[in-house]
Structure formats: structure tokens, C-alpha cells
Colleague: 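To start, I am sharing the structure in question, which I have written as C-alpha cells.
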Amino acid sequence: MIDKFREDVLAVVDIVPSGACIAIGGFGSSGRPDTLIDALCDLGKRDLHLVVNNVGADFLGVGRMLVEGRLRRVTASFPILQEFYDEYFAGKVELELIPQGTLAERLRAGGAGIPAFFTPSGAGTMLTDGTFVDGYNPDGTPASHLPPRETRVFNGREHVLEYGIVADFALVKAHQGDRKGNLRFRYSARNFNPLAGMAGRHTFAEVEQLVEVDELHPDDIHLPGVFVDDVIVALPTSPKQPVLPTGPVP
Amino acid sequence: MIDKFREDVLAVVDIVPSGACIAIGGFGSSGRPDTLIDALCDLGKRDLHLVVNNVGADFLGVGRMLVEGRLRRVTASFPILQEFYDEYFAGKVELELIPQGTLAERLRAGGAGIPAFFTPSGAGTMLTDGTFVDGYNPDGTPASHLPPRETRVFNGREHVLEYGIVADFALVKAHQGDRKGNLRFRYSARNFNPLAGMAGRHTFAEVEQLVEVDELHPDDIHLPGVFVDDVIVALPTSPKQPVLPTGPVP
Amino acid sequence: MTETVQSAAAPPAPAAAPRVGRTRDGIAERLAQDLRDGFVVNLGVGIPLEVPRFIPLGVEVILHAENGVLGMGPLAPPELADNDLTDAGKQPITLVSGAAIVDSATSFAIVRGGHLDVTILGALQVSEDGDLANWYVPGRNPAVGGAMDLVAGAREVWVAMEHVDRKGKPKLVSQCTMPLTGRNCVTRVYTDLAVFHFVDGRLRLRECAPGVTPELVRERTAADYIEELGDAADA
Amino acid sequence: MTETVQSAAAPPAPAAAPRVGRTRDGIAERLAQDLRDGFVVNLGVGIPLEVPRFIPLGVEVILHAENGVLGMGPLAPPELADNDLTDAGKQPITLVSGAAIVDSATSFAIVRGGHLDVTILGALQVSEDGDLANWYVPGRNPAVGGAMDLVAGAREVWVAMEHVDRKGKPKLVSQCTMPLTGRNCVTRVYTDLAVFHFVDGRLRLRECAPGVTPELVRERTAADYIEELGDAADA
């Protein structure tokens, strides 16, 4: 019998080795898998390469990983934490900055067995021409640059070749999930979560509500269980997040 | 006010010119937009290039278009109608045969602004090496071949470059839809419908049930209205299709 | 957030002039008149966020947020704030009737696939070739978000900005000196002084704001453009 | 649908032999023993469709159909037939507990992205390099469906077939003469006579069916392979 629900979060995520590449869902704190991130921190994982849209404006989630010095490299479109940039300019963490749509599509592509695709986003900019510094030396001089992208013209416009991302692990947060790993997200907390879940070789999902199998109608599942390996229940939302109303959204 | 519902099906689809490229949803007769297809036939449209997974095992839908001689070219993975092959081998209709997953991904890519992508499907086969005959002369000799694909090795495996498909029009069938064009599909009748809907420059949707706006929860919409231009109500299902039970599927 | 077209020290700035042209709200109001019923629209930060307040009655526009919201309504009042429903700026929002939610890949499929009628963005600089610089000031913290996807994918890219920067320097330039967001992507520019359209690759002055002369626009613009005012102007 | 390993006229066929080895159901039954709890599995037509009947108790397998079904159950009885719920062969089906539906692009994302543990397919020919030919007989009507995606994407490609064709010709060959579905993709072959695994790019005989000798397998196989029977065999 397939039963992906696990009680012991720490035991589950302890299979993640330091140095792993981890895709993480969420947009800011919306849909961010804090329980799983905290578990990785509590277990002392280090040298991580995160693929995540935001670093976050607070010291929860990815922000916690950053201030605890657990990050080696971040692939993101919008890191906004000042402390992140301090570490980046000091040569302590690398930044692979990519357009948000390219990030979403690279995760989907990796999960879908598409190794590379052409996109117009970022063509002719410093994010694709080899001039963006993705890592600094401790003295503040550039240590390395994002590689220049292969370009090709389609329909008269320049496009760049981008690569699918397959992460060693993925951390996903869902509103509801069942023991088969079927997940459903709520409003814009969906965002990058299904894509991170597709891109992970091994995907952990934390759910706000563990529901009975078949409570989710087959047509209402946003990410089917075939993409999910382990399901845990999310710890209560941190007080820094607004309280979620249960009524309908106007 | 946005109101995409139209009463007069013939007036709506008459904007499709003969010679157009049309993406069509459905898998066999499941989710096939027969009302829209019949309207195109009734209007006498000809020389059409269809992008559709199946030609179908009956003379409804695409099969009707075929026997009425309305097709110039078919891009498909599994045409199974003998009459289609008769026309193909007689040089009356072209066949671009592509793997089913490549067809689905090419439609999504076209709808997503991805002009081309690499896939392992079909690498090293006659569908990608330039030997498949996509059109015959009336005397039965080959007139043209599918172009050989550009190949590239990723992760030690050969991949082929495939192009996104943007169709002039798309025909989609949904279970429920509202006047904003938001659609919801039922069970495996979803199949190619969302992808065809994304790939069309102009997308027509026929719905079994026209529902009030907001009857579909924002999280339950399978294809948002931004991809849909016109909504019509499907005519009652043809008697050749099994009657649909209204009860739950076991 | 108030406009300051004059500056004490910047040498290339025009001499301190009487305050002319549109306010920031006025720019948003003027732009809103050009939105058509049924448009799917994405708004950047700054002046663009003011546009929805000025959309004419009878014109229904679907607001898209990069994080997967179609049919965004106004910001949510505190008692309805829900961290599961935010805009691309991470502010709690409401939904309008007929809204739909998609994942981030589908959200950008909408953007890149040409399903967005217009994206309305602020700008640091716009060049006479339609290049846009609006994502990064060298030396500051780099973050790009969806800006490059929006300008690459939307059918139209309308810039809403003040005509000159805080030092009085023109923002419409012959070539951008700031890092580009995209090349040849801008289709219209709405400023406090004027409205420009790009047609056939050339920048064209289509309207001056009330009380603004073509000469003043010329004086405060560092880009080459064609004057095509009055009857020649057609959206 | 019954097996005929001998033929009247085909010269390279072995001499009329007593009927030995597994039946078609027997092939399916043997293969089913190798499925593991939690596997996501896609079934081709022919012998593969018989596999689910033989899955051991306590082993839960998720059946995937190309048209977007995860958790396919048995065919639907006529009174429950629903044209909105069919398998990839367009037959009305049922769903098992925990089923999910996806669109065709996501369905093949599952296939190509390595989320399918195994696809079980019939074959016209399998070569000693693991090439598979199973989609097209030249001169007939070409149709490919999802075959090429399945062999390119699934983690494992298990072939279930009769060891020789109706004319008695070996189907395990040095090189396929029929059009390929994919190269170097087959990982196991289950026939009426034997079980083969591909390991490190080499075909290896791992088991003979009850009553079948290694010599008989050798005689009816036109592919080069390593004999690795008994204790050496390990899945």
C-alpha cells in the first residue's frame, strides 16, 4: 500500500546531504514550506544550492538558512534580503539571477524531461551575455560570471537557450494533501510549488491539512502524487505571517 | 464588460478562413469539440491544416472533415481512420506524424512563447531523421519528407529540437465554462484541450454547461479565460457516443 | 512621490521652469484612457499601480499578477488579508468576479505566449530604439523578478514615467546607459509632458500634455523622434 | 492470440518442437512478480494489458494512461461507461482510490521526466543493444501514439513478448530490421522462454522459463547475450 505520510519530519528530511541542490516553492512567504526548511536548518545542513524565487524579506524560511550560513549558491529572480546581498558581495554565497518566467519554465522543463529550451526573456541583457557576476572574491572583485547564453533568432527575434533544472530534492507547501501524495494549493500560494515538486528527484511536501484519500476529486488535484515522495503536516503558521481568514475571498 | 458567450455558432466560427491552421482538443471522441468541427464543415471550410492527436475511429469530428475532403495536412500522433490513410497514400492529404508527448509539448510551448525545445522522444527514429514521407504524389511516390531534426546530446543521450506550434485557431471542448471564458474539464476529456486552447491565436470553446461567473472557484479552473476568445454551448452529444452517467465514477 | 523636474546642481537640466504637465496621477489617468475593454494587463510598480483607479466606466480590464493571479482586485483591507492571496509585490489582495489562479509557469506562459495585451511599466530609461532599462541600477542590489519576461512577451509594453529624472536628466535617450531589461520592446511612453508611440521602429511624439509645447518636449528629450501631433496621431 | 512458435514454411525457424515455456498469461504473471510497491507503470497493448491481473497482493501499482489518467482501474462495465473517462486505447475505464487527472502535456511530463518507474511494452524486435522496434510495420498505416515518449522517458522499459514471431523468427536480434521506436532503451525482456536484463549495455539471460533449457533459448535467439543464470542473477 502506498502511504507517503510521515510523522517524523526530521527523520524524513535527514536524507538530504549537505551540498545538495534543492528546489523550493513559494513566493515570498506565500506558500513557503517553512516546516521543511526549518527541519533542514535544525539538522545542520550546509553548503546548499537553493533554487527558489525569493530569498524573502524576513529571517524565516530561506532567510533563516541565509543568516545561519547554510547556503553556497542561490538561483533566484528576486532576492530582496539585504543580508543576502551582503553575503553575496562578500563572496560567501553565489547568486544565479534569472528572470522569474525563465526560473518557472526551467523547473517545469527539468521535471518534464526537457533538457533545454529557447526563450526571448533576457535576450540582449547582462543576465545572458556573460557579464553578470554570480560570485565575488572576499576582496570584492568578481570571481565568476553567469555563462553567456547560446542565442538564436526565431520569428525575427533573438532568443536564448536555457536549461531545465533537475534538483536533488524539492520542498513544497500545499494547502491539502493525502497519503498518496496528491496535493492541492490555495490561491496564489500555488505559485512555484507545483513546478518545484516536478523538478525534484525526491520531493517532500508539507501540507496544512492532511485529508482522506479521495477527498480530493481527481479533477481538483494540482500536483498528482507521482511527483511527491513524502508528505508531512506543516507546523502552525509562524506569527510573522498574517492570520489566514477561513471565509471566502471577496 | 467581458462577455465571451455567443449564441450563433456559425457566425462565430465563420472568421476561420479556408487554409487555416487549427489546433483541436480531444483524444478520440473524448473531449472532442464536435459542435465547432461540424460548424466548420457546415460553413464549407477547406484546405485546413489540423493539429490534433487522433483523426478518430468514426466519421464524426475530424473524421467528418476528412471524408468531406476539407483537409490539406494533419499533424497527429495516432490517426487510425482507414479512409485517412487512403487519402494520405493517394497524395490528397499530408501527414506530419509526431510522438504524442512531442505533440502535447509543442502545443504548450507555442502557447507559452517557447519557440523550440529539445526532447529525447523520437531521437534516432524515422520520424526525426528525414526519412518519413509526409506527403505522396498521386502516383504513390513520395512527394516530401518530414525534415530531419537538429540533434544534440544532453546527459549522454541524443535529443531532437522540436518547435512550438502556434495555430491560427483552436477548438476546445470543456465540461463547464463561464462568460469570462474560464473552463473546466471532466476526467480524461481534459487531455489535449488546455494545450490546444493555449496554442490558438484565437480560441473557440464549446461547453457542455454554461455556468454563472464565479460558480467555478478560482483554484478549480483548468484553463483561464485569458486563453479563450469565444464560448458557445455544445450541441447534445451525438448518439454514437455512450451516454454519460451523472453519478460518481467508482 | 511628488514630481521634481528641476534640480539644484545637475548641469544638463533645463533652467528652473514653472511646473507644467501632468502629475503622476495625471499620467496614470491619461494612460488609462487607452485601455480597451477585455485587455489583459500587468502592472509594474510606481505610476502603473495608480492606473486601475482611472480605468473608464464600461471598460473591463483583467489584471494579471506574475505570481499566478488573473483578475486581481484592489488591495485587501486588513481584516481580509490572506497570505495565500497576494500580488507580485507580496501585498494581500482581493479578487474580482471571474478570477482564476494558475501556477508560475502558466502565469509566464500567459506573458511570453502573447496572451497579455499590455504590460505597463516604470522606466529608468527608454531609448529611441525602444530599448528599456528599468530593472537595475549598477552598484545596487540586483533583482529582476518578471521584468524581462514581461517586456519580451507582452503584445504591448507601455512605459509610464516622469519625463526627466530627479536631477532633471532626460529619460528618453538615444541609447540606454543603464543595464537593459529588453531591446526594441517599448511600444508607448506616457510622461508628464507627452505621449509617444513607437511605430515601425521609430519613436513618434503623438500628444503633448495640456499646457506643454512641442518645444518644451524637444528640450527635455535626448532621443531622436518624429513629431506627429494632431490629426496624424492614431492609436 | 494463441502462441505459434512453429511455422510451415519459414526456413530459419527451429524444427517443430513440443510446446514449451510460458503462455501469454504466464509471461504477464512472471513479469508482475517484479513490480514493486509504489511503482508508477504504463502498459502498452498486447501481453502488457494482462499484467495487472497478476500483481501480487500487497503490491500497489499506479497505472498511468497517456491521456492523463493516474490510478487507472479495470475497464468500466457497460452501465458505468463514460466517454469522459477512457484509457489510451479509448476504452471506458474506472479509477482506483487516490486517482488524479492531468492534461496531456503534464501526462508526458511524467513520462519524459523520469517519474514513470516502468513502461511495459510489446515488441516487434529488440536488439542486443537494447533498441526497440514496436510502432510500425513498413507498408502498413503509420501511427505512433506515445510509444516513442515512453521508451525515451520511463526509468525502465520492460518488453513482454513471445520469443519468436508467428513465422518462428527470433524477435531478439543483433540489429532491428524494423523501424525503431527508440535506441538503447530496453532494460528487460520477458518472453515465453526466458527473462533477460540489460546491464551495462549488455543483454544478459537471467532466467529460463520452467522446462526451458538454456540451449533452447540460444537456438531461438538471434541476439548476442551473456548467460548469467542462477545465483549471478539479481534484479
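Per chain, numbering begins at 1; letters A, B, ... match sequence-line order.
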Colleague: What is the minimum heavy-atom distance between C:A100 and B:I221, and which atoms define it?
Modeller: CB-CD1, 3.7 Å
Colleague: Of the listed residues (C:V40, C:I101, C:V69, C:V61), which shares the most heavy-atom pairs with chain B below a 4.5 Å separation?
Modeller: C:I101
Colleague: Under 4.5 Å from any heavy atom of chain C, what part of B:R179 do you find: side chain, backbone, both or neither?
Modeller: neither
Colleague: If you count heavy-atom pairs under 4.5 Å between each of B:G164, B:A112, B:G113, B:A109 and chain C, which one has the most?
Modeller: B:A112
Colleague: Between C:H115 and B:G111 (side chain of the first, backbone of the second, donor and acceptor by atom type, cut-off under 3.5 Å), is there such a pair?
Modeller: yes
Colleague: Over all heavy atoms of both residues, which pair between C:V102 and B:P224 is shortest? Give the atoms and the distance, please.
Modeller: CG1-CG, 3.7 Å
Colleague: Indicate the atoms forming the closest heavy-atom contact of B:N182 with C:G98, along with that distance.
Modeller: ND2-O, 2.9 Å
Colleague: Verify the neighbour count for atom CZ of C:R53: are there more than 12 heavy atoms of other residues, nucleotides or ligands below 6.0 Å?
Modeller: yes
Colleague: If you tally heavy-atom pairs under 4.5 Å against chain C, which of B:L216, B:V213, B:I2 wins?
Modeller: B:I2
Colleague: B:P218, B:G225, B:G110: which one forms the most heavy-atom pairs within less than 4.5 Å of chain C?
Modeller: B:P218
Colleague: Please check if atom CD in B:E150 has more than 12 non-hydrogen atoms from other residues, nucleotides or ligands closer than 6.0 Å.
Modeller: yes
Colleague: Could you check which of C:D117, C:L116, C:D37 has the highest count of heavy-atom pairs closer than 4.5 Å to chain B?
Modeller: C:D37
Colleague: Please determine whether the number of non-hydrogen atoms from other residues, nucleotides or ligands lying under 6.0 Å from atom CG of B:D8 exceeds 12.
Modeller: yes
Colleague: Given that the side chain runs from C-beta out, which part of C:A105 has a heavy atom under 4.5 Å from chain B: side chain, backbone, both or neither?
Modeller: both
Colleague: Tell me, with the steps shown, if B:I114 and C:R112 meet side chain to side chain contact (heavy atoms under 4.5 Å, CB included).
Modeller: CA-CA 8 Å; B:I114 301 295; C:R112 271 190 321 260; 3.7 Å; yes
Colleague: Indicate yes or no for a side-chain donor-acceptor contact from B:D214 to the backbone of C:S97 under 3.5 Å, with no hydrogens or angles considered.
Modeller: no
